[in-house]
Amino acid sequence: MRPDSLNPLFVDSESLDGVGPKLRKPLEKLGLTRVKDIAYHLPDRFVQRRAVANLDEASVGEQIVVALTPTDHRASAGRGPFRIVAQDAAGNLCTLTYFGRASYTARKQLPLGETRWVAGKLDQYGQMLQIVHPDHVEVESSALMGKLNEAVYPLAEGLTQPRVAGLVAQALGHVPELAEWIEPGLVARMHWPTWRDALELAHRDMHPAARDRLAYDELLANSLALMLVKNANRARRGQALKGDGRLREKLALPFPLTGAQQRSIGEIEGDLVQASPMLRLLQGDVGAGKTVVALEAMLIAVEAGAQAAMLAPTEILARQHFETLRKLAAPTGVNVALLTGRDKGKARESLLMGLVDGSIDILVGTHAIFQDTVSYRNLALVVIDEQHRFGVGQRLMLAQKGKVTPHCLAMTATPIPRTLTLAQYGEMEVSRLDEMPPGRQPIDTRVVAQERLGDVAAAIARHIATGQQAYWVCPMVRESENDDLAAAEARYAALRERFGDAVVLVHGQLKPDAKDAAMERFASGDAKLLVATTVIEVGVDVPNATLMVIEQAERFGLAQLHQLRGRVGRGSEKSVCLLLRGEHLSETGKERLALMRETQDGFRLAEEDLRLRGGGELLGTRQSGDTPFRIASLEQIQKLLPMAHDDARLLIERDGGLGSARGEAARLLLYLFERDWGVQLLRGG
Ligand code: ADP
Ligand code: MG
């Protein structure tokens, strides 16, 4: 239950004055649905303005506040701008220019012959000084003197700066004083303001200490929550699994395991014999061979008389894992089954029976495998593939499934920079597959201008003629999923004209049957070219596909490009990846694509991605997908996370139940950042 003192912060934004249905959408778009979100909606930057007596004192390009008296209103014909000629105290002329509907308000705000205080950026248009769309027009100078240093907020369509500033001011009025949750010595050493002051200061000017403090709060909340998970897990009763090796012995893998695979399996085996449930992350680059490691782990569970389940983020992937595992496990005689949301009726019934009576040893599926209606005879190990798709909350839900808490092996190919591993997986032990299976050929990566689309199609034709297959990944259009879809459909139609039936299309909104059918045709080699949105990003394994085209590659993050590229280079044939780039490429954009060409080391790419994105940039959780933070920038994460981690550890060591005064404050913090699953664990839930 959330402490009462926080309630005002969690009230709907609509409770603020002036927020009606019209503002709902833009606010939602910015993630500002509650008062707390608005209070935390920090400015991107600040405009610094100078008040000048007349325009002689100002220079072009400067942000100023000046008194002007309109002498002429000039409407232009058609769609041209509305211009107001105005005079300063020294007799200099200046044009105030308005486009579109803004001219109506301007006409009223700036009547002829009456002096007004105007704030804006001074420009020059031909011989004439001008201010385009002044930021403020006021009757009294005092109204602008408080805006010499003004916050600039991230906006969405339908919102203006003054609107947002007004909402922020209201929201700040609801911010309560809260007890300090940070270690007092640290607060003093860093010269950090209190939480409430920090929020106010961060809206008032670029106040690094205030910003850092707010970021630190978020990092501390995260570290604390993860540590509580770890602690609670340690206290849980699991099932010690000791395999006798009889099934693993029968596996007839077509290749020897790499050293890294053997080591990871050893680490997992060591966890499984413990009674406290395993929480281990298996981190390994695309193609490093995580599936086999998972299989060995699941066989240990079966040898010990229990069941194992493997969770995949998509149906395509679940199906593919099922096929792979069934084939690999065939010599062992274990019973592998597949369950997805689509299974209905009799088939589903008998499958559920098999889980209850224990005749199914290993179940593969989507999140359907954890529905309430699914029960197991003795589920002792859960493997989660492509872990980054699931949040900690979901991980915890799985833990509730068995009578005893199942062991958990999470797998991810996302090469997480070291700084972020702690943030994301602080509660887990980590095994790394840092060695690729032998015999992999490097992928020949080239950057090609989008105009050469014709040449690219010709290259595909030649490629297909040799009997090999190819992927074509369509651009990621950030604005909307529908645009992505439209781009993929259009490309598919164009490629079909050339390659006919040999092309298939897969995207997230296809009906599952159609998606499967398309994937099936591609996997079987019947279809030669797979056009796709980023749904193929994770896991799909077709070794004969050795060419990948990625359109508008500059729009993708390095980590994502790396994941995509990992779909090729899986067999012994040489693979090629063509990164098509648009016309206007920033310096950073160029550098990123060059890096893709240069290296295939996922960790290096992740670190460089972090560096190139640079400091100071605020990350939205959704946009980046690779940090769980809204407030803390990458730079702040690097600087402050180790401190937050230590702080959290010390607090938990001293006061694991969070019962002391500071512990109580820390609970508030967990609720504030919605890491309250951490608190719930404290109650032994
Ligand atoms: P990922 O780590 O991306 O999940 P997979 O488990 O799909 O990788 O493995 C990629 C490919 O490498 C598969 O075709 C798999 O059979 C193969 N593979 C796995 N381990 C080895 C190994 N030790 N030697 C050779 N090939 C291997
Ligand atoms: Mg995989």
Side-chain angles (χ1 to χ4, degrees), residues 248 251-268 280-299 310-331 336 362 364-366 382-390 409-416 430-443 469 471 519 522-523 525 534-546 548 559-573 575 577 600-603 605-606:
R248 281 172 287 166
L251 264 188
L253 294 178
F255 43 73
L257 294 173
T258 64
Q261 283 170 323
Q262 281 168 14
R263 197 188 60 232
S264 300
I265 293 166
E267 287 164 354
I268 293 165
R280 183 171 285 276
L281 179 72
L282 178 64
Q283 201 176 28
D285 214 337
V286 202
K290 294 185 287 296
T291 318
V292 182
V293 175
L295 176 60
E296 298 258 357
M298 293 194 286
L299 287 178
M310 183 169 188
L311 174 66
T314 65
E315 219 165 287
I316 292 181
L317 211 52
R319 200 160 291 276
Q320 190 174 303
H321 275 318
F322 169 66
E323 297 295 344
T324 309
L325 293 174
R326 196 174 51 165
K327 262 179 233 144
L328 286 174
V336 184
I362 295 176
V364 183
T366 53
V382 174
V383 178
I384 309 178
D385 192 26
E386 304 302 347
Q387 158 69 44
H388 66 286
R389 295 274 172 126
F390 303 95
L409 176 67
M411 310 202 289
T412 183
T414 311
I416 308 155
V430 178
S431 293
R432 270 177 219 261
L433 289 183
D434 48 12
E435 179 189 352
M436 278 292 180
R440 293 280 159 81
Q441 297 213 35
I443 299 164
Q469 292 162 280
Y471 294 104
M519 274 317 291
F522 188 68
T534 49
V535 291
I536 59 158
E537 180 191 343
V538 287
V540 175
D541 188 21
V542 181
N544 189 45
T546 48
M548 170 166 287
Q560 202 179 12
L561 284 176
H562 178 67
Q563 294 275 318
L564 286 168
R565 181 171 60 180
R567 299 305 110 217
V568 296
R570 311 205 124 217
S572 49
E573 290 294 327
S575 288
C577 177
Q600 232 158 289
D601 177 342
F603 279 96
L605 285 170

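Indexing begins at 1, ligand by ligand and atom by atom, following the structure's order.
- Salt-bridge check for D434 with R263: passed, with a basic side-chain N closer than 4.0 Å to an acidic carboxylate O.
- Heavy-atom contacts of P256 reach the following atoms of ligand 1: 22 (C), 23 (N), 24 (N) (cutoff under 4.0 Å).
- In this structure, the side chain to side chain donor-acceptor pair (under 3.5 Å) partners of T258, at least two apart in sequence or on a different chain, are Q261.
- In terms of polar-atom proximity, F255 is not counted as a contact of ligand 1, lacking any N or O under 3.5 Å from an N or O of the ligand.
- Within the listing of ligand 1, atoms 23 (N) sit less than 4.0 angstrom from a heavy atom of T258.
- In summary, of the residues considered (V383, V293, V336, V382), a side-chain contact (heavy atoms from CB on, under 4.5 Å) with M298 occurs for V383 alone.
- A donor-acceptor contact closer than 3.5 angstrom links the side chains of S431 and E267.
- Only the side chain of Q261 comes within contact range of ligand 1, with a heavy atom under 4.0 Å; no backbone atom does.
- Of the candidates T412, T291, L295, the one placing a heavy atom closest to atom 5 (P) of ligand 1 is T291.
- Residue G284 has no N or O atom closer than 3.5 Å to an N or O atom of ligand 1.
- Distance alone, capped at 3.5 Å, is enough to place a donor-acceptor pair between the D285 side chain and the G602 backbone.
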